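What you are looking at is a predicted structure, and each value in this text was computed from that prediction instead of being measured.
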Number of protein chains: 2
Amino acid sequence: MVEFNTRGYDATSMEDLSRAAGITKSSFYHHFASKEALLRAGLQVALDGLFEVLDHPDANAGSPAQRLRYIVAAQVAVLQRELPYVTLLLRVRGNTETERWALEQRRAFDGRVSALVGDAVAAGELRSGLDPTLAARLLSGLVNSVAEWYRPGRPGGAAVPDAVADAVFAGILPAS
Amino acid sequence: MVEFNTRGYDATSMEDLSRAAGITKSSFYHHFASKEALLRAGLQVALDGLFEVLDHPDANAGSPAQRLRYIVAAQVAVLQRELPYVTLLLRVRGNTETERWALEQRRAFDGRVSALVGDAVAAGELRSGLDPTLAARLLSGLVNSVAEWYRPGRPGGAAVPDAVADAVFAGILPAS
DNA sequence: GTCTATAAATCGATAGAC
DNA sequence: GTCTATCGATTTATAGAC
């Protein structure tokens, strides 16, 4: 499944996957009904991890800004823990029915976070004049971009979620 | 070429492209030597746009933070102007020789920006204790994520570069 | 510069023996 | 549960007529 991560879903053939598993292509089809079923299973892992973040008590207690901070850090942690699957999800374009389903789920997650940003702005917890829609989009982009450079096993990985949350709430490049 | 944007490079066949151009696949091959040549031409457009940003006078005058702010806004503007090509570049994974070349060029661009972040930190213009490497990575991720939601022709597009630069330098979600 | 026709390779997936 | 063999569709790309 990691092959999807490095070469991309389309560019990875079932023969690539079966060879990596040490069996022939036909044997591989004994374990998975189709390539799309394999994709769906991977996307489900990523989506389960993300929605568990929203169900966590810390995501539903305290001020909007406090809840938002927990979600940002936890979302990064999920991205690290399920990197191949989250990467798969982030690259979905919506060409097939399975991909459209995943896109819809992902939008639901982003919508929940976006609404929370709106709540925090309405509560006066964030910068005044902040456009909640733009802020939520940039926030999503920043968090998900961790998948572009984070690689498991390297030292310092455990500090990434908090460091990202700090950058978001104290500013990426603030003058003071 | 916009087809690469919506369906992805691998999932878009030469027949898809030729049909969109209103000619047959064979006629299409009269204009482009290969699918990879088409990809390379598109990637070149994106890279030319990005490096022109670094060559602009405003990217080489003033304090590091001032130069950085110009680059962020100008990079977003290039992304908007050459959306299909920049999108193509952002999705390159390095499977072929052409893709590895593009990745190398992109890393060179990011390296220049990253060095500038380091200069700004060293000059005391940014938050103390800021990790320049992490900040540069998140900055890159945030800027490039505009390609995920920006669509040409919609009102308010001209304000996006400044709005993104504001979010970066005043904070995405700052408390004050 | 566009077309029909086709080559050569690869794809996802299946049949059927063991 | 794994294998060899193959199907049928699709892919990039070319040959050659007009």
Side-chain angles (χ1 to χ4, degrees), chain A residues 1-47 84-106, chain B residues 1-47 84-106:
Chain A
M1 198 79 124
V2 190
E3 285 71 25
F4 285 152
N5 199 337
T6 55
R7 304 179 63 91
Y9 176 75
D10 286 324
T12 305
S13 70
M14 291 296 267
E15 179 137 2
D16 292 334
L17 294 168
S18 59
R19 198 180 326 110
I23 54 179
T24 65
K25 190 169 52 169
S26 290
S27 301
F28 197 76
Y29 269 100
H30 185 78
H31 301 280
F32 300 97
S34 66
K35 191 182 181 183
E36 192 168 3
L38 199 60
L39 173 64
R40 178 177 275 267
L43 294 172
Q44 189 73 66
V45 171
L47 289 165
Y85 308 108
V86 173
T87 302
L88 209 55
L89 178 65
L90 294 177
R91 292 183 188 158
V92 158
R93 294 297 138 198
N95 293 340
T96 68
E97 198 57 47
T98 296
E99 292 194 341
R100 280 187 285 273
W101 159 79
L103 266 188
E104 200 177 323
Q105 296 293 112
R106 210 192 130 187
Chain B
M1 197 78 123
V2 189
E3 285 71 25
F4 285 153
N5 199 335
T6 56
R7 304 179 62 91
Y9 176 75
D10 287 323
T12 305
S13 70
M14 292 295 268
E15 178 135 4
D16 292 333
L17 294 169
S18 59
R19 196 178 331 108
I23 54 179
T24 65
K25 192 169 49 171
S26 290
S27 301
F28 198 76
Y29 269 101
H30 185 80
H31 301 279
F32 300 96
S34 67
K35 191 181 180 183
E36 192 168 2
L38 198 60
L39 172 64
R40 178 177 276 266
L43 294 173
Q44 189 73 66
V45 170
L47 289 166
Y85 309 108
V86 173
T87 302
L88 209 55
L89 177 65
L90 293 177
R91 291 184 188 159
V92 158
R93 293 297 137 196
N95 294 340
T96 66
E97 198 57 47
T98 296
E99 292 194 342
R100 279 186 286 274
W101 159 79
L103 265 188
E104 199 177 324
Q105 296 293 111
R106 210 193 129 187

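Boundaries of the chain B contact region on DNA chain D are D:dT11 to D:dA15, first to last in 5' to 3' order (nucleotide atom under 4.0 Å from a heavy atom).
Per the geometry, CG belonging to A:L17 stands 13 Å off C1' belonging to C:dC11, to the nearest Å.
The shortest side-chain heavy-atom distance between A:L43 and A:Q105 does not fall under the 4.5 Å cut-off. In this structure, B:R106 and B:W101 have side chains that are not in contact, with every pair of non-hydrogen atoms separated by 4.5 Å or more.
Summary for the helix from C:dG1-D:dC18 to C:dC18-D:dG1: the axes at its two ends, each from 5 pairs, differ by 10° when rounded to the nearest 10 degrees.
Between the side chain of A:D10 and the backbone N or O of B:D10 there is no donor-acceptor pair closer than 3.5 Å.
B:S34 and B:A37 make their closest contact through OG-N, 3.1 Å (heavy atoms, listed as atom of the first residue, atom of the second, distance). Nearest heavy atom pair, residue A:N95 against residue B:A11, reads ND2-CB, 3.9 Å.
B:E36 is linked by a salt bridge (Lys or Arg N to Asp or Glu O under 4.0 Å) to nothing, counting only residues two or more places apart in sequence or in another chain. Here A:E104 pairs with nothing under the salt bridge (Lys or Arg N to Asp or Glu O under 4.0 Å) rule; sequence neighbours left out. Every residue meeting the salt bridge (Lys or Arg N to Asp or Glu O under 4.0 Å) condition with A:R19, not counting sequence neighbours, appears here in chain and number order: A:D16. Residues that satisfy the side chain to side chain donor-acceptor pair (under 3.5 Å) test with B:T6, not counting sequence neighbours, are absent from this structure. A:Y29 meets the ring pair (Phe, Tyr, Trp, His ring centres under 6.0 Å) test with no other residue; sequence neighbours excluded. Scored by the side-chain contact (heavy atoms from CB on, under 4.5 Å) test, B:A21 finds B:I23, B:F28 as partners (sequence neighbours excluded).
How far OH of B:Y9 is from CD of B:E3: 14.0 Å, rounded to the nearest 0.5 Å. Interatomic distance, OG1 of B:T98 versus CZ of B:R40, reported as 4.5 Å (0.5 Å rounding).
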Dump every N/O contact between nucleotides 7-10 of chain C and the protein below 3.5 Å, one line per pair.
none

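Using a 4.0 Å heavy-atom cutoff across all strands shown, B:T12 reaches sugar-phosphate atoms only and no base atom.
Within residues 88-97 of chain A, no residue has any heavy atom closer than 4.0 Å to DNA chain D. Less than 4.0 Å separates DNA chain C from at least one heavy atom of each of the following residues of residues 27-43 of chain A: A:Y29, A:S34, A:K35.
Both tests do not hold together for B:K35 against B:F4: distance to the six-membered ring centre under 6.0 Å, angle to the ring axis within 45°.
One N or O donor and one acceptor, one from the side chain of B:S26 and one from the base of C:dA5, sit under 3.5 Å apart.
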Scan the side chains in residues 84-93 of chain B for donor-acceptor partners under 3.5 Å anywhere in the protein, sequence neighbours excluded, and list what turns up.
{"from": "B:T87", "atom 1": "OG1", "to": "B:L83", "atom 2": "O", "distance (Å)": "2.6"}
{"from": "B:R91", "atom 1": "NH1", "to": "B:N5", "atom 2": "O", "distance (Å)": "3.0"}
{"from": "B:R93", "atom 1": "NE", "to": "B:R91", "atom 2": "O", "distance (Å)": "3.4"}

